[in-house]
Amino acid sequence: MNDAPNLPQGHELRRGIRPGEAFPAMRRLIADKEDTSQVFRIVQALSGNSYYRNFRRFAASPQGQTILTERADLLGTLSDRERLARCAPGTLGRAYLDFVYGEGLTAQGLAEASEASGMAEFSDPAVTLYRQRLRDSHDLFHVVTGYGRDALGELCVLSFGNAQFYNHGITFIVAVGIPKLLAEQWQLPVARAAFEAWRLGRKAADLTTFYWERYLDRSLEEVRRDLNLQPPAVYVGVRDLSQRLEREFQARRQGELQA
C-alpha cells in the first residue's frame, strides 16, 4: 500500500460493528424497501473497517488521487439537468438522465436519504468526498451495469458493488434479500442472478475510482467497454418478468395500505 506522507489517512472510517443498530434497520427495510435511509443505517452499523480499507485503496490509486486533488463534485454534476440534457442520445450522460428522471428520482434523493439516516460527518474533506462519491454513483452503477430498479435489479447492483468494495453491511443486506425476494417472487432465479452480478463485479474495472464526470459525453457502450462490463445475462433474461412482478407486488402493497 502506498504510504506517502500526503496520502489521506482516513482513520475516521475505523469503527466497530454494531449489530444492535443493524437489525432494527433491516426490519424497517424489509417492511418498506423504498426506505433507502435504512440501507445507509445498516451499512454504517456493520461496515467496521470495510470503508477504511476501501478508502485507502481509492486514495492510493492514480484515479482516486486525481479526483481528490481536483475535488470533483459528482453530486453537483449529476444534479445539473441542463448539462445532462445536452448529452447526445446513447451517451452515458443521457442514459443517466433518462434513467433517473424516468424513474421519478433525483440525484439529490440519495443524499437526502443518507442525511435522514444520520450518516456521520467527517472532518477530513478527502474522506467526505469519497463517501459522498460512493453514495452518489449508485444510479450510475445501475446505468452502466444494466440492472433496473426492480427488487431483483437493486439486489444485483448491491451484489455487484460488494464484489468491488466489500462491505459487511452490504453482504448482510444481500444475504437477507435473497430468501426474502425468493419468497415474494419465486419465479425468478434470484440467487443465480445475484451470484452472476458478483462475478461481473469481480471482472469489471474499479468503478469506485472512475472519473464519471469526464465520460458523460461518451457512448454508453464505449464506457462499458472501458470498464470491462459484460451484460448480465441471467437478469436480462428475466427482466421483463421481474419488472412485471414488481409492479404487481407494489400494487398489492398499495392496496393493503389503503384498506
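Fair warning: this is a prediction, and the values are worked out from it, not measured in the lab. Counting from 1, the numbers follow the sequence of the chain as shown.
Between Tyr130 and Phe55, the ring planes lie perpendicular to each other; the angle is over 60°, past the 30° to 60° tilted range.
You'll find the side chain of Leu181 stays beyond 4.5 Å of the side chain of Trp186, heavy atoms only. Looking at heavy atoms from C-beta onward, Phe58 lies in side-chain contact with Ile67 at the 4.5 angstrom threshold. Two residues are said to be in side-chain contact when any heavy atoms from C-beta on lie closer than 4.5 Å; Leu245 and Gln187 meet this criterion. Using a 4.5 Å cut-off on side-chain heavy atoms (C-beta onward), Cys87 and Leu92 make no contact. Taking the side chain as every heavy atom from C-beta outward, Gln230 and Arg199 never approach each other to under 4.5 Å. A 4.5 Å side-chain heavy-atom check between Trp212 and Leu216 finds every atom pair outside the cut-off. Using a 4.5 Å heavy-atom threshold, the side chains of Arg57 and Thr208 count as touching. Inter-residue side-chain proximity for Tyr211 and Gln63 is flagged as unmet; no heavy-atom pair is nearer than 4.5 Å.
No donor-acceptor pair under 3.5 Å is formed between the side chain of Arg224 and the backbone N or O of Leu229. A donor-acceptor pair under 3.5 Å is absent between the side-chain atoms of Gln38 and the main chain of Arg28, judged by distance alone.
Connection of Tyr51 to Ile170 is established within a shared hydrophobic cluster, with ILVMFWY side chains joined at heavy-atom distances below 4.5 Å, either directly or through further cluster members. Tracing side-chain contacts under 4.5 Å through hydrophobic residues (I, L, V, M, F, W, Y), one never reaches Val234 starting from Leu155; they form parts of separate clusters. Under a hydrophobic clustering in which Ile, Leu, Val, Met, Phe, Trp and Tyr are joined whenever their side-chain heavy atoms come within less than 4.5 Å, directly or via other members, Tyr166 and Leu158 fall into different clusters. The cluster map of Ile, Leu, Val, Met, Phe, Trp and Tyr, joined by side-chain heavy atoms under 4.5 Å apart, puts Val174 and Leu182 in the same cluster. Both Tyr101 and Phe141 belong to a single network of hydrophobic side chains, linked directly or stepwise wherever heavy atoms of I, L, V, M, F, W or Y lie under 4.5 Å apart.
In summary, Arg239 and Glu246 do not engage in a salt bridge, as defined by a charged side-chain N under 4.0 Å from a carboxylate O. Ion pairing between a basic and an acidic side chain is recognised when a charged N comes within 4.0 Å of a carboxylate O; Glu196 and Arg192 show no such pairing. Between Glu70 and Arg214, at least one side-chain nitrogen of the basic residue sits less than 4.0 Å from a carboxylate oxygen of the acidic one, meeting the salt-bridge criterion. Looking at Glu248 and Arg244, a side-chain N of the basic residue comes within less than 4.0 Å of a carboxylate O on the acidic one, giving a salt bridge.
Within the structure, every pair that satisfies the side-chain hydrogen bond (donor to acceptor under 3.5 Å, both in side chains) test and touches residues 75-99, not counting sequence neighbours, is listed here: Arg83-Asp217. Listed by first and then second residue, the ring-ring contact (aromatic ring centres under 6.0 Å, His included) pairs involving residues 221-249 are Tyr147-Tyr235 (not counting sequence neighbours).
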Take Leu78 and Leu140 through the test side-chain contact (heavy atoms from CB on, under 4.5 Å) and record every step on the way to the result.
CA-CA 10 Å; Leu78 297 180; Leu140 284 165; 3.9 Å; yes

Test side-chain contact (heavy atoms from CB on, under 4.5 Å) on Glu213 and Leu74; report intermediate values, then the result.
CA-CA 7 Å; Glu213 298 91 327; Leu74 183 57; 3.6 Å; yes

Is there a salt bridge (charged side-chain N to carboxylate O under 4.0 Å, His left out) between Glu184 and Lys180 once you walk through the steps?
CA-CA 6 Å; Glu184 296 171 353; Lys180 178 181 182 295; 2.5 Å; yes

Full working for side-chain contact (heavy atoms from CB on, under 4.5 Å) between Arg149 and Glu154:
CA-CA 6 Å; Arg149 287 198 69 247; Glu154 289 287 1; 3.7 Å; yes

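Membership of the apolar cluster around Phe195 extends to Trp198, as traced through chained side-chain contacts below 4.5 Å between ILVMFWY residues.
A donor-acceptor contact under 3.5 angstrom links the side chains of Thr171 and Asn162, judged on distance only. Side chain to side chain, Tyr215 and Glu222 fail the donor-acceptor criterion of an N or O pair below 3.5 Å.
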